[in-house]
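Okay, structure first, notes after.
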Amino acid sequence: GKGGLRGTIIDITDRKHLEAQLIQAQKMESIGTLAGGIAHDFNNLLGIIVGNISLAQTYLQSDHQPHRLLMAAEKASFQARDLVQQLIGVSHGVSMTKLTVDLTEMIRDAALFALSSSQVTCDLVLHKDLWAVICDPTLIRQAIAQVVRNACEASPQGGRIEVEARNLALEKGTIPSLQAGRYLSISITDHGPGIPPDLLPRIFDPYFSGKERGIQKGMGLGLAIVYTIVKRHEGHIEARSVVGQGTTFDIYLPATATPAIGLKAAANT
Ligand SMILES: Nc1ncnc2c1ncn2[C@@H]1O[C@H](COP(=O)(O)OP(=O)(O)OP(=O)(O)O)[C@@H](O)[C@H]1O
Ligand SMILES: [Mg+2]
């Protein structure tokens, strides 16, 4: 050419995407290490706290004001114990069960469990003959329940959410961080307020919460735990949201054509 500029345009969207994922993975690794280290001591301390609360309660009439306060303290201690349990579950060095399972029933259970003490209802669209997933069913169940709980918390009173699971034969490049192959795709949709675009990149960060902090409200650990669980299964999770309309979380888990063993049978081995 005559003095013109020549060059090649390289699309770095995918690379940026992968870098963002790497940063996320590192953040989660540090949480995992921390959790693995302190969780057991923490659990012992919680045992002492809960034990003493229960003991103190035996000295009080049930209509006594301190009795109610202790009940609240006890409830919070149980929540803390659950949280520690979940952190231990995703911490590094804890080995993961690997079973080939059909998740159909488990997805139903997890969703209904997460909605059980709410007014929100659920449309379940569980396609037939879902491919099996090689996974730790307890962890996957936890992950789905967390996302459904968020959807529920975002929904208006008496609202409806959708949970859909289907097979997906993914081609290379469709989702940058995933290889081509068979996946189980699980989508959880709510019709809540949605997530503003500037917050969307932060929702998987540990301790990011748009909710008021408190015993009942967010710790900001739910999605960080979900993210870790999905990554440990070599899957992928992302959120799509339109402010004012709602949010969809898509979870992709590597699937297999190998027939699944029943979860109940697996529990007996
Ligand atoms: N379905 C949703 N609709 C709108 N916002 C959401 C949705 N899911 C997550 N978010 C936003 O992402 C934040 C992080 O979610 P995450 O589950 O990690 O924490 P949390 O729900 O606030 O607390 P925790 O799960 O620890 O009780 C939420 O506080 C909320 O602001
Ligand atoms: Mg949450």
> Closest approach of T247 and G194, non-hydrogen atoms and distance?
Replying inline: OG1-CA, 3.4 Å

> Is the number of heavy atoms from other residues, nucleotides or ligands within 6.0 Å of NE2 (H64) greater than 12?
Replying inline: no

>> Run I161 and V148 through side-chain contact (heavy atoms from CB on, under 4.5 Å) and show every step you take.
In response: CA-CA 8 Å; I161 68 165; V148 172; 3.7 Å; yes

>> What's the separation between atom OG1 in T121 and atom CG in L115, rounded to the nearest 0.5 Å?
In response: 8.0 Å

>> Are I175 and F249 linked, directly or through intermediate hydrophobic residues, by side-chain heavy-atom contacts shorter than 4.5 Å (ILVMFWY only)?
In response: no

> Taking it one step at a time, do Q142 and D82 satisfy side-chain contact (heavy atoms from CB on, under 4.5 Å)?
Replying inline: CA-CA 11 Å; Q142 242 176 49; D82 287 350; over 6 Å; no

> Under a single-linkage definition using a 4.5 Å side-chain heavy-atom cutoff for Ile, Leu, Val, Met, Phe, Trp and Tyr, are Y252 and V163 assigned to the same hydrophobic cluster?
Replying inline: no

> Can you name the closest pair of heavy atoms from P156 and V120 and give their distance?
Replying inline: O-CG2, 4.1 Å

> Would you find a donor on one side and an acceptor on the other, under 3.5 Å apart, between the side chain of N167 and the backbone of D129?
Replying inline: yes

> Is there a chain of hydrophobic side chains (I, L, V, M, F, W, Y, each step under 4.5 Å between heavy atoms) that links V133 to Y183?
Replying inline: no

> So, do T138 and R141 sit near enough that their side-chain heavy atoms are less than 4.5 Å apart?
Replying inline: no

> Hey, are the side chains of L223 and V147 touching, using non-hydrogen atoms and a 4.5 Å cut-off?
Replying inline: yes

> Hey, any chance L124 and V101 share a hydrophobic cluster, counting ILVMFWY side chains that come within less than 4.5 Å of each other, even indirectly?
Replying inline: yes

> Counting only heavy atoms not in Q61, do more than 12 sit closer than 6.0 Å to its CD atom?
Replying inline: no

>> I need the Q57 CD to M71 CE distance, nearest 0.5 Å.
In response: 7.0 Å

>> For the CG atom of L139 and the CD1 atom of I229, what is their distance to the nearest 0.5 Å?
In response: 5.0 Å

>> Does any part of the side chain of S185, heavy atoms only, come nearer than 4.5 Å to the side chain of H127, both counted from C-beta?
In response: no

> Minimum heavy-atom separation for C122 to A111, with atom names?
Replying inline: SG-CB, 4.4 Å

>> Apply side-chain contact (heavy atoms from CB on, under 4.5 Å) to residues N150 and E153 and explain how you reach the verdict.
In response: CA-CA 5 Å; N150 280 343; E153 286 166 355; 3.7 Å; yes

> How close do I49 and S77 get, heavy atom to heavy atom, and via which atoms?
Replying inline: CG2-OG, 3.8 Å

> Hey, quick one: are V243 and L200 part of the same hydrophobic cluster, counting side-chain heavy atoms closer than 4.5 Å, chains of contacts allowed?
Replying inline: no

> Do you know which two heavy atoms are closest between L126 and A165, and how far apart they sit?
Replying inline: CD2-CB, 3.9 Å

> Could you go step by step and tell me if L46 and N43 meet the side-chain contact (heavy atoms from CB on, under 4.5 Å) rule?
Replying inline: CA-CA 5 Å; L46 275 172; N43 255 352; 4.2 Å; yes

> Hey, does L253 have a side-chain heavy atom less than 4.5 Å from the side chain of L103?
Replying inline: yes

>> Any non-hydrogen side-chain atom of F208 less than 4.5 Å from a side-chain atom of L199?
In response: yes

> What pair of heavy atoms forms the shortest contact from A154 to P193, and how long is it?
Replying inline: O-CD, 3.2 Å

> Rounded to the nearest 0.5 Å, how far does OH of Y227 lie from NE2 of H236?
Replying inline: 8.0 Å

>> Could you check whether any side-chain N or O of H233 sits under 3.5 Å from a backbone N or O of D136, counting only pairs where one atom can act as donor and the other as acceptor?
In response: yes

> Atom CD1 of I186 and atom CD1 of I144: how far apart are they, to the nearest 0.5 Å?
Replying inline: 4.0 Å

>> Nearest 0.5 Å, please: how far is NZ in K98 from CD1 in I134?
In response: 7.0 Å

> In terms of side-chain heavy atoms, does S187 have a donor or acceptor partner in E162 at a distance below 3.5 Å?
Replying inline: no

